[in-house]
Amino acid sequence: MTASGAGKAGRWLTGWRVYSQLADRLRERIGGGVYPAGAYLPSETALSEEFGVARNTVRRALAVLVEERLVATIRSKGRLVLEQEARNLDREYLYQSIAADLRAQIEAGELPPASKVPSEKDLRQRYGASRTTVRQALGLLETEGMIVAVHGKGRFVVPGWQGRLKTSDSGP
């Protein structure tokens with residue numbers, strides 16, 4: 001502790017609605033790159049000690065950030081800072097949003113034919129989604145014929161999928 005009575009966080013959070021002040025500070029740190037996308041926030045205990053607040057206050061602040069889709073809670077891991085693309089997804093049908101995002105990457109050539117699709121683990125972290133949700137998204141793309149699963153190797157963009165789509169759209 002410094003001579004001014006403040007801890008590592010600068011000055012203590014005080015007054016009414018301390019959890020919203022804490023959420024503001026954490027939001028600033030995320031925006032400023034202190035906690036970059038793909039990184040985990042410090043534990044509830046560490047944040048509680050740093051800011052001199054009760055753990056329940058930290059939980060309420062983190063709940064605000066989860067609601068704003070800045071972070072996602074990953075069971076047994078903590079709070080993951082989401083990438084910008086994941087923040088804007090529709091949470092009601094997240095698997096469809098993930099599939100749409102991957103589809104757009106494939107159509108734009110960011111994932112070219114025969115290239116490997118990001119792993120389930122990478123997609124779970126990028127979108128703050130469960131394993132089941134990611135598998136649903138990948139299954140949707142497999143059903144559409146855009147990607148194919150190769151046992152033990154991963155999933156890959158199907159070569160020539162564009163040609164099949166274009167021929168089916170063409171007129172008589």
Side-chain angles (χ1 to χ4, degrees), residues 23-47 58-172:
D24 290 341
R25 293 236 185 129
L26 293 173
R27 196 178 300 108
E28 287 172 11
R29 288 182 178 185
I30 291 169
V34 175
Y35 304 130
Y40 284 92
L41 295 178
S43 69
E44 291 175 0
T45 303
L47 290 171
V58 172
R59 284 188 187 126
R60 289 183 72 188
L62 293 171
V64 169
L65 299 180
V66 168
E67 187 175 311
E68 293 174 356
R69 297 182 184 154
L70 290 174
V71 300
T73 302
I74 307 296
R75 183 171 285 201
S76 300
K77 296 273 188 174
R79 293 342 184 279
L80 176 72
V81 179
L82 295 176
E83 293 188 28
Q84 189 64 41
E85 61 212 21
R87 294 177 189 172
N88 302 324
L89 295 177
D90 180 6
R91 288 305 221 202
E92 188 173 348
Y93 298 107
L94 182 57
Y95 80 97
Q96 291 176 333
S97 296
I98 294 170
D101 192 37
L102 289 171
R103 189 180 301 109
Q105 290 178 36
I106 293 169
E107 290 172 348
E110 294 170 28
L111 288 172
S115 68
K116 189 170 183 180
V117 175
S119 69
E120 286 180 13
K121 179 182 176 186
D122 290 342
L123 293 171
R124 283 179 28 223
Q125 288 185 337
R126 180 184 303 167
Y127 296 103
S130 70
R131 183 176 173 194
T132 303
T133 300
V134 168
R135 285 186 172 182
Q136 274 185 297
L138 294 170
L140 188 60
L141 294 175
E142 286 177 28
T143 302
E144 294 172 4
M146 290 186 104
I147 65 172
V148 63
V150 178
H151 186 70
K153 302 281 186 189
R155 290 179 177 86
F156 298 86
V157 177
V158 174
W161 68 267
Q162 294 143 325
R164 286 198 306 274
L165 289 177
K166 287 179 183 171
T167 57
S168 65
D169 289 344
S170 58

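Pairing each heavy atom of Gln125 with each of Leu80, the nearest pair is O-CD2, 2.9 Å. Across all their heavy atoms, Pro113 and Pro159 have their closest contact at CB-CA, 3.8 Å. Between Pro118 and Leu123, the shortest heavy-atom contact is O-CD1, 3.6 Å. Closest heavy-atom contact between Arg126 and Leu82: O-CD2, 4.1 Å.
Judged purely by atom type and a 3.5 angstrom limit, Lys116 has no side-chain atom pairing as donor or acceptor with the backbone of Val157.
Residues Ile30 and Val34 have side chains not in contact (no heavy-atom distance under 4.5 Å, counting atoms from C-beta outward). Looking at Leu26 and Leu70, their side chains never come closer than 4.5 Å, going by heavy atoms from C-beta outward. Side chains of Leu102 and Met146 form no contact here, defined as non-hydrogen atoms less than 4.5 Å apart.
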Begin from the C-alpha positions of Val148 and Glu142 and carry the test side chain to side chain contact (heavy atoms under 4.5 Å, CB included) through to its verdict. CA-CA 6 Å; Val148 63; Glu142 286 177 28; 6.0 Å; no
Show, in sequence, the C-alpha distance, side-chain angles and deciding distance for Glu68 and Leu65, and conclude whether the side chain to side chain contact (heavy atoms under 4.5 Å, CB included) test is met. CA-CA 5 Å; Glu68 293 174 356; Leu65 299 180; 3.8 Å; yes
Tell me, with the steps shown, if Arg155 and Val150 meet side chain to side chain contact (heavy atoms under 4.5 Å, CB included). CA-CA 6 Å; Arg155 290 179 177 86; Val150 178; over 6 Å; no
Full working for side chain to side chain contact (heavy atoms under 4.5 Å, CB included) between Ile106 and Ile147: CA-CA 9 Å; Ile106 293 169; Ile147 65 172; 3.9 Å; yes
Please tabulate, one pair per line, all N/O donor-acceptor pairs under 3.5 Å involving side-chain atoms of residues 37-45, not counting sequence neighbours.
residue, atom, partner, partner atom, Å
Ser43, OG, Ala46, N, 3.0
Glu44, OE1, Arg55, NE, 3.0
Glu44, OE1, Arg55, NH2, 3.4
Glu44, OE1, Arg59, NE, 3.0
Glu44, OE1, Arg59, NH2, 3.4
Glu44, OE2, Arg79, NH1, 3.2
Glu44, OE2, Arg79, NH2, 3.1

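Going from atom CZ of Arg131 over to atom CD of Gln136 covers 13.5 Å, rounded to the nearest 0.5 Å. Note that the OG1 atom of Thr133 and the CZ atom of Arg135 stand 11.5 Å from one another [nearest 0.5 Å]. Taking CD1 from Ile98 and OH from Tyr127, the interatomic distance works out to 6.5 Å, rounded to the nearest 0.5 Å. Note that CZ of Arg103 and CD of Glu144 are 4.0 Å apart. Values are rounded to the nearest 0.5 Å.
Summarising the local packing, CD of Glu67 is surrounded by 12 or fewer heavy atoms from other residues, nucleotides or ligands at distances under 6.0 Å. The 12-atom threshold is exceeded at CZ of Arg27, counting heavy atoms of other residues, nucleotides or ligands nearer than 6.0 Å.
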